[in-house]
Each structure stands twice: as C-alpha cells, then as structure tokens.
Asks: 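Next up is a structure, given as structure tokens.
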Amino acid sequence: MSKEAQPGTPQVQEAVDTLKKSIALYGTISGIVLATVAVMAISGHSVSSFMWVRSALLLAATALLHKMAVDVSKGSRQAYERLSALTVILPIAIIGVDLIPGLCPAWFAVMQGVSALALVLGAVVTRGAALRATFPKTA
C-alpha cells in the first residue's frame, strides 16, 4: 500500500467523512419517514404495519451502517467490504419493494426512495479511488 492509501490520510479521511455524511442523511430521511408515518396514524389516516416496521427497521439500520463506517476509518477491511455491498444492495431492495403495486402509498414509496439516494452516494464513495486503494482486492 502507498502512503496515500493508509487509513487516516487526508484522502481516506475525506472519503470516510463523506460516507458518514451520506449515512447520516439516509438516517435523517429515514427518521422523517417514520415520523410521517406516526403523524399520519395520529391524524387518523390509514397506515399499515408494513409501513411501521419497514420505516423503523430502515432507521435502525443507520446505526449499523454508521458503526461500519467508523470501523472503515480505523482500517477494517471486513467493515469496508460489508458497507460496500450494503450501500449497493439496500437502495436496490428499498426501491424494488416500493415498486410492488399496492404494497404502500406513493408518498411512502417516494420518501423511502429519497432515503435510498443517500445510500447511492455511499456506494459511489466506497468505490472511489481513496477507499479502493486502502482496501485493494485480494486474490
């Protein structure tokens, strides 16, 4: 590994900071989704158990994703590989489920889709030059 590819270098730290920000944005939007579901329920609108469970679980995932990002900043290859995969898989899964007709209202699907966009940024960052150089593929 070159000096530029070591955890803690400015390039790697900037990439990890951006990754953490994308996860924080995802968590913020997920929190807004859950709060919206709560407000809709309180105001007498119909909300399903699916909406409650899904929005709560996706918000809870933020803590795990953030922990992995912290571990990446400390040089954990395992956390990098998991986070790299999850930032691709989660947006696809979120949007894929939202496309199932009749499963959830359009407003809920749109809000969940917006949260997924924040994770797409995370996928771009994990595949960026700084982190790829820090965690090169092993044979």
Side-chain angles (χ1 to χ4, degrees):
M1 275 193 250
S2 68
K3 183 174 178 5
E4 292 78 34
Q6 297 299 318
T9 64
Q11 298 88 350
V12 172
Q13 193 56 49
E14 182 179 341
V16 171
D17 288 346
T18 302
L19 183 58
K20 287 178 184 176
K21 287 175 187 175
S22 76
I23 293 167
L25 178 59
Y26 163 77
T28 300
I29 297 168
S30 294
I32 291 169
V33 172
L34 182 57
T36 303
V37 170
V39 168
M40 296 292 282
I42 291 168
S43 64
H45 292 83
S46 177
V47 295
S48 66
S49 297
F50 168 81
M51 293 164 62
W52 279 107
V53 171
R54 183 168 191 231
S55 54
L57 288 175
L58 291 177
L59 176 59
T62 305
L64 298 172
L65 295 171
H66 184 267
K67 168 75 169 94
M68 285 182 225
V70 169
D71 291 346
V72 167
S73 71
K74 295 176 182 177
S76 170
R77 170 180 287 286
Q78 183 179 30
Y80 167 75
E81 290 172 353
R82 287 181 178 170
L83 197 52
S84 181
L86 285 171
T87 55
V88 170
I89 294 167
L90 276 174
I92 293 169
I94 290 168
I95 293 169
V97 169
D98 288 339
L99 293 176
I100 298 172
L103 189 58
C104 55
W107 66 265
F108 184 80
V110 168
M111 291 180 80
Q112 290 286 332
V114 170
S115 75
L117 291 176
L119 290 179
V120 170
L121 172 61
V124 170
V125 172
T126 59
R127 284 155 179 75
L131 292 181
R132 277 188 295 118
T134 303
F135 303 102
K137 290 186 178 187
T138 55

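For the numbers below, each heavy atom of this structure counts, side chains included, while hydrogens, waters and symmetry mates do not.
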Asks: Between Ile95 and Gly113, what is the shortest heavy-atom contact and its length?
Replies: CG1-CA, 4.5 Å

Asks: Contact between Val72 and Phe135 at the side-chain level, heavy atoms closer than 4.5 Å - yes or no?
Replies: yes

Asks: Output the distance between atom CD (Gln112) and atom CG (Leu58), rounded to the nearest 0.5 Å.
Replies: 5.0 Å

Asks: Between Val16 and Ala69, which heavy-atom pair has the shortest distance, and what is it?
Replies: CG1-O, 3.8 Å

Asks: Could you tell me which non-hydrogen atom of Ala38 sits nearest to which non-hydrogen atom of Trp52, and how far apart they are?
Replies: CA-CH2, 3.4 Å

Asks: Would you indicate whether Glu14, at its atom CD, is surrounded by more than 12 heavy atoms from other residues, nucleotides or ligands within a distance under 6.0 Å?
Replies: no

Asks: Measure from the side-chain N and O atoms of Tyr26 to the backbone N and O of Thr62, and report whether any donor-acceptor pair falls under 3.5 Å.
Replies: no

Asks: Do Arg77 side-chain atoms and Pro136 backbone N/O form a donor-acceptor pair below 3.5 Å?
Replies: yes

Asks: Hey, is NZ on Lys21 packed in by over 12 heavy atoms from elsewhere, all under 6.0 Å?
Replies: no

Asks: May I ask you to test the Leu19-Leu83 pair for a side-chain heavy-atom distance under 4.5 Å?
Replies: yes

Asks: CG of Asp71 to NE2 of His66: how many Å apart, nearest 0.5 Å?
Replies: 10.5 Å

Asks: Do you know which two heavy atoms are closest between Ala118 and Ser22, and how far apart they sit?
Replies: O-CB, 3.3 Å

Asks: Would you say the side-chain atoms of Ser73 pair up with the backbone N or O of Val70, donor to acceptor, closer than 3.5 Å?
Replies: yes

Asks: Please give me the minimum heavy-atom distance between Pro91 and Leu86, naming the atom from each residue.
Replies: CD-O, 3.8 Å

